[in-house]
K.L.:
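Would you mind keeping the following structure in view while I ask a few things?
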Amino acid sequence: APADNVKDEL
Amino acid sequence: MNAFRFLGDMTHLFSVLVLLLKIYATKSCSGVSRKTQELYMVVFLARYMDLFTDYISLYNSVMKVVFITSSAAIVWCMRRHPQVRRTYDKEQDTFRHVVLVAAAFVLALIFNERFTFREICWAFSIYLEAVAILPQLVLLQRGRNVDNLTGQYVFFLGAYRAFYILNWIYRYFTEGHHSRWISWLSGLVQTGLYADFFYYYFLR
């Protein structure tokens, strides 16, 4: 699922 | 967004502001490794390419712009600012940081989440960030004159990564077990590198 490797961290 | 990550981002931001303040207020960058600053600029440019393609949140976009512009401003000051550039001790800052860039790039070609341009750049930036502090640590240990602003700069950088490790532990237990092994391993290496600095810093 794309959600799990969204780079949401800086 | 959990408290650990927010605290991590804030200490990271604070470390950059401390350095900018030191350079701007004292018009001097003595004791600061320009090579480390150049590596950080590459880290941010390689990692925040998705700034214009993926919108995650206003916070995320604003912080990316702040990190890219502040690291570029520090490098510009150390290379171009007429007063500051004179105080850069070139012969002290001798770490061959090209080796770090090459090693991080090779690692990113081998260990990445997907063999795509974006993912390889992202992994490259993660690996490079883990070792980017090395020229600065070498300069500090060589110089012995750890002037307190530069020492504080490195201290906050270490604290930022330590908060991120807490953030990953928190996310692991609350958001399910996504594999973030690239971040975890390089984050551990990065924080480990600071450990000996903290040892010297507190025993000084």
K.L.:
Taking the six-membered ring of B:Tyr24 as reference, does the cationic atom of B:Lys27 (NZ for Lys, CZ for Arg) lie under 6.0 Å from its centre and within 45° of its axis?
P.N.:
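Because its charged atom sits under 6.0 Å from the ring centre and within 45° of the axis, B:Lys27 does stack over B:Tyr24.
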K.L.:
Is chain A contacted by the side chain of B:Asn60, its backbone, both, or neither, given a heavy-atom distance below 4.5 Å?
P.N.:
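The answer is both parts of B:Asn60.
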K.L.:
Distance from B:Gln37 atom CD to B:Tyr153 atom OH, nearest 0.5 Å?
P.N.:
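Answer for the CD-OH pair, B:Gln37 versus B:Tyr153, is 4.0 Å.
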K.L.:
Can you label the angle between the B:Tyr164 ring and the B:Tyr160 ring as parallel, tilted or perpendicular, going by 30° and 60°?
P.N.:
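Perpendicular, since the angle between the ring planes exceeds 60°.
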K.L.:
Taking side chain as everything from C-beta outward and backbone as N, CA, C, O, which of these in B:Tyr48 sits under 4.5 Å from a heavy atom of chain A? Side chain, backbone, both or neither.
P.N.:
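Looking at B:Tyr48, just its side chain touches chain A.
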K.L.:
Name the region of B:Arg171, side chain, backbone, both or neither, that has any atom closer than 4.5 Å to a heavy atom of chain A.
P.N.:
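The side chain, not the backbone.
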K.L.:
Starting from the C-alpha separation in whole Å, work towards a yes-or-no answer on salt bridge (Lys or Arg N to Asp or Glu O under 4.0 Å) for B:Arg180 and B:Glu113.
P.N.:
CA-CA 9 Å; B:Arg180 296 170 182 272; B:Glu113 278 178 25; over 6 Å; no
K.L.:
Considering only heavy atoms, which portion of B:Asp54 lies under 4.5 Å from any heavy atom of chain A: side chain, backbone, both, or neither?
P.N.:
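For B:Asp54, neither part sits under 4.5 Å from chain A.
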